[in-house]
Amino acid sequence: MCLAGGQAAARRLLLAQIGAESCRTFCEQFFNSASARARLAAMSSIEEDDAFEAAAQGSLSARAMVARPAPYLDELNPAQRQAVEALDGPVLMLAGAGTGKTKALTARIAHLLWTGTARPNEILAVTFTNKAAREMKNRVGRLMGEAVEGMPWLGTFHAICVKLLRRHAELAGLKSNFTILDTDDQIRLMKQLIVAANIDEKRWPARQLAGIIDHWKNRAWTPEAVPAGEASAFNSRGVELYAEYQARLKTLNAVDFGDLLLHMLTIFQAHDDVLAQYRRWFRYILVDEYQDTNVAQYLWLRLLAGGHRNICCVGDDDQSIYGWRGAEVGNILRFEKDFPGAQVIRLEQNYRSTPHILAAASGVIAANKGRLGKTLWTEAEEGEKLRLIGHWDGEEEARWIGEEAEAMQRGTRGLNPYSLDDMAILVRASHQMRPFEDRFLTIGLPYRVIGGPRFYERMEIRDAMAYFRLAVSPDDDLAFERIVNTPKRGLGDKAQQKIQTMARSNGVPLVDGARLLIESGGLTGKGARELGKLIAGIGRWHGAVLDARESHIELAERILDESGYTEHWQNDKTPEAPGRLENLKELVKALEEFENLQGFLEHVALIMDNETEEGGAKISIMTLHAAKGLEFPVVFLPGWEDGLFPSQRSMDETGLKGLEEERRLAYVGVTRAEEVCTVSFAANRRVYGQWQSALPSRFIDELPEDHVDVLTPPGLYGGGYGAAAPMGSGLEDRASRADVYNSPGWKRLQARSAERPVSQPRESRSMVIDAEAVSAFALGDRVFHQKFGYGQVTAIEGDKLDVEFDKAGPKKVVARFVTSADVPF
DNA sequence: GAGGCCATAGTGAGG
DNA sequence: CTATGGCCTC
């Protein structure tokens, strides 16, 4: 846009030349020469659409010019190859778990490039996560032999929409430098609106409103378009608040995540010329994880693909697990209707799991109705059956998995040792992680939690970011609100109220409002002095940003020091303070990868992962949702109990639909495993401090018997399970204990275990110990307990011992939980 | 204005 | 049971 005329003409010429080259040379140049990359990088810039179109028009259709066969095709199986070579027209690639979906998708991109069918910038490839986008970029690069810097339109829905919306911001009533609010900002904004609307924010919390509005945006409903049937939402005032929220965002020159898509969708719908332009640009469209698309994304894709219909969607209806987030499985089920004549290609050869694991997964998912249907098969060796084990309570489950992980790590199962990195524990809900963390901490088993609170969501990081945001744009009111009294500047509610009033009555941003307030003498004393310093600071930092002489890293450090924020945490004596200072250092370090603060902020708004990872091998703990797309040789699936998994709440909310989504989640869980998959459940679990019993999950009944191996834990059934009740747990009184054993799942489990020969080749360590343990102790014996460590027996009462532990002091313990300290195992 | 106490709530999680 | 948030007191 702002190129000097001569330069622009030169670039036009250059681009036209590229277009006229044979595609082989083109690819070679593009991927192998730095200058060609630079040219393409320039070409991909959003500001150069004139040049872009010129190039597109001046190009030859070079498709037929390939002489050499493409190298990546040899690595594909027939179905994958078919999916890769069907370049024109609508294609639905139904790719089961572990069938080489990403491989096919990236090969398809490579094929588009290699055959000269499309240039890198004519391909729109959308994913849901940054991780998926990154991986795809890397893999296309590897196939083509170089990093792909010239694929500007490979990214997440949101990242692509940001690029587009910056270009067309004015059509949505925004300036192109709009800010992107995160969830935290949104909620604070809504809270203000709720209070302003005189609604009791206790009964109607902002979080809930945020959820409703998000839901509406996912359905592509603008405030005007929300159907009347939804009007009762949020005390009947949901739509009204939604409209106010949107208006407020507009005045703040801000958007939330949902808006990124919705604004672009409305622009496409209202401006034929804009839509037509992008239909010309994006000649080939690829969509990953199509089963996860919501209505807004679906409509967006349909509009863009509407002309040429060169759209390839990849997905697996059996892995649709984001219905609660607005995803519509219907989108994938309906694909052939939406795009008549579409080719449907099924990828069914699985390269990940053993036949037993696949069969178990298929057995579970078969119970769902309305599937497109796939039959996964594999050439892999038979391997082990899926293992099933019941436990008395959640702690025992955690203990057993800990021991099992250690055993597998040592290779004592008669198999090769596995690294802890090869193992994962997949849970339904994040609170299930805790027993494992507790257990692993006590036995010193290294673990990592995937998907915990993320780096950029931590308080100190968000505070620091707010300072950076103010330095870049001083009129960022939400950022100002966040840090005006952080660190404490003696500016409480009342002072902040005054600033708000002053700003609003003068129609200026909060910083200016604050300045006016001081000048008018409306604020005095310490507060005024501190506020004055803050305002001066913001002015200075903003100057430094504009000036750009100082490196942005030094500037960032200076901002944190001058604002007193670093000092604030240095003076803080809570145990978290050192960690927070560490995080701030990390943040500054992260700046190094960017050229300036603006670039960094843009990046962070869309990318929130925390990728710092060091240390040795660790077992991974994560939710089933977080595990999608990952694979591990060894997978543990604990907590398969009705109510927990399938989740009661999910079933209550959406009935059969919810249950089916839970079942798909089970399918996702099992199919993460390559070699060993262990499902477990506990008869009792402490939930919010209360003991609750549960029946084994109905999904356990759905596991086909021929592919399941029932492991018999010691002391749970087959006699003597009462001994396993932890002391003082209150379980002794539980009348419902027997009920557990009346469920079909349990009976089946017992029937299965009865079929098994008495001695099994693999017995857990505690089983062996157990046999000796019951009668093996005498007063004064040295014993070892997994939780309490070493100690000495001071009394014996049946199967209960009083033990004086060296570290933990006197405790009553059940004999089978201790081992003789003299006997090494 | 800040710190402490009490009440309350508590799936899943991408951008 | 624990984390968070609002309210009340100093």
Side-chain angles (χ1 to χ4, degrees), chain A residues 126-133 155-162 180-183 186-187 191 200-203 205-208 210-211 214 217-218 255-262 288-289 292-294 296-297 320-327 426-435 438 450-454 456-457 459 485-497 525-527 530 574 602-609 622-629 639 643-654 658 661-662 664-665 668-669 685-692:
Chain A
V126 277
T127 64
F128 277 84
T129 64
N130 288 300
K131 207 171 135 204
T156 62
F157 274 103
H158 293 87
I160 287 167
C161 282
V162 172
I180 303 162
L181 301 190
D182 60 25
T183 325
Q186 278 178 55
I187 289 179
K191 202 176 261 176
D200 180 7
E201 56 160 330
K202 262 188 161 161
R203 275 190 52 203
R207 286 198 73 83
Q208 191 190 338
D214 194 51
K217 286 184 177 174
N218 286 339
V255 298
D256 63 22
F257 288 122
D259 283 339
L260 292 173
L261 251 138
L262 193 49
D288 193 16
E289 306 280 14
D292 287 341
T293 49
N294 61 36
Q297 288 156 341
S320 161
I321 55 175
Y322 284 108
W324 50 273
R325 209 166 68 187
L426 313 182
V427 298
R428 173 64 182 87
S430 56
H431 65 250
Q432 289 172 262
M433 295 179 181
R434 250 197 92 177
D438 288 350
I450 312 255
R454 285 171 300 166
Y456 289 110
E457 284 170 6
M459 185 210 306
N485 200 29
T486 312
K488 300 273 179 278
R489 295 194 172 84
L491 299 160
D493 283 349
K494 254 173 96 187
Q496 290 185 40
Q497 210 91 60
K526 179 169 173 274
E530 292 290 321
T574 57
E602 173 85 65
H603 167 86
V604 168
L606 290 173
I607 303 189
M608 295 280 233
D609 8 280
M622 69 191 89
T623 62
L624 287 162
H625 285 91
K628 186 158 137 207
L644 184 61
F645 188 44
S647 137
Q648 192 59 51
R649 186 161 161 184
S650 179
M651 292 187 293
D652 289 347
E653 277 173 10
T654 40
E661 182 155 315
E662 296 285 307
R664 291 192 290 266
L665 207 44
V668 167
R685 209 171 273 283
R686 195 160 35 183
V687 100
Y688 302 139
Q690 295 261 285
W691 281 99
Q692 283 182 358

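In the text below, chain A, chain B and the rest are named by the order of the sequence lines, each starting its count at 1.
At a threshold of 4.0 angstrom between heavy atoms, the contacts of D256(A) with the nucleic acid are absent. At the heavy-atom level, T156(A) lies under 4.0 Å from the strands shown only through sugar-phosphate atoms. Residue contacts shown for E653(A) include a base, since a base heavy atom lies under 4.0 Å away.
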(message) One character per nucleotide, please: for nucleotides 1-10 of chain C, 5' to 3', B when the base has a protein heavy atom closer than 4.0 Å, S when only the sugar-phosphate does, - otherwise.
(response) BS---S----
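In this structure F128(A) satisfies the ring pair (Phe, Tyr, Trp, His ring centres under 6.0 Å) test together with F157(A), sequence neighbours excluded. With sequence neighbours left out, the salt bridge (charged side-chain N to carboxylate O under 4.0 Å, His left out) criterion links R649(A) to E653(A). For E289(A), the salt bridge (charged side-chain N to carboxylate O under 4.0 Å, His left out) test picks out K101(A), K628(A), with sequence neighbours left out. Considering only residues two or more places apart in sequence or on other chains, Q186(A) meets the side-chain hydrogen bond (donor to acceptor under 3.5 Å, both in side chains) condition with none of them. In this view, R686(A) and E395(A) satisfy the salt bridge (charged side-chain N to carboxylate O under 4.0 Å, His left out) rule, not counting sequence neighbours. R685(A) pairs by the salt bridge (charged side-chain N to carboxylate O under 4.0 Å, His left out) definition with E397(A), E641(A), not counting sequence neighbours. Checked against side chain to side chain contact (heavy atoms under 4.5 Å, CB included), T127(A) has the following partners two or more places apart in sequence or in another chain: A132(A), A133(A), M136(A), T156(A), D288(A).
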(message) Counting Watson-Crick and G-U wobble pairs with both distances under 3.5 Å, what is the dot-bracket string for DNA chain B, 5' to 3', using [ ] for crossing pairs and | for pairs to another strand?
(response) ||||||||||.....
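For the pair N130(A) CG and dG14(B) C1', the interatomic distance rounds to 9 Å; values are reported in whole Å. Rounded to whole angstrom, the span from the CD atom of Q496(A) across to the P atom of dA2(B) amounts to 10 Å.
Distances shown here put every side-chain N or O of N294(A) at or beyond 4.0 Å from the OP1 or OP2 atom of dG14(B).
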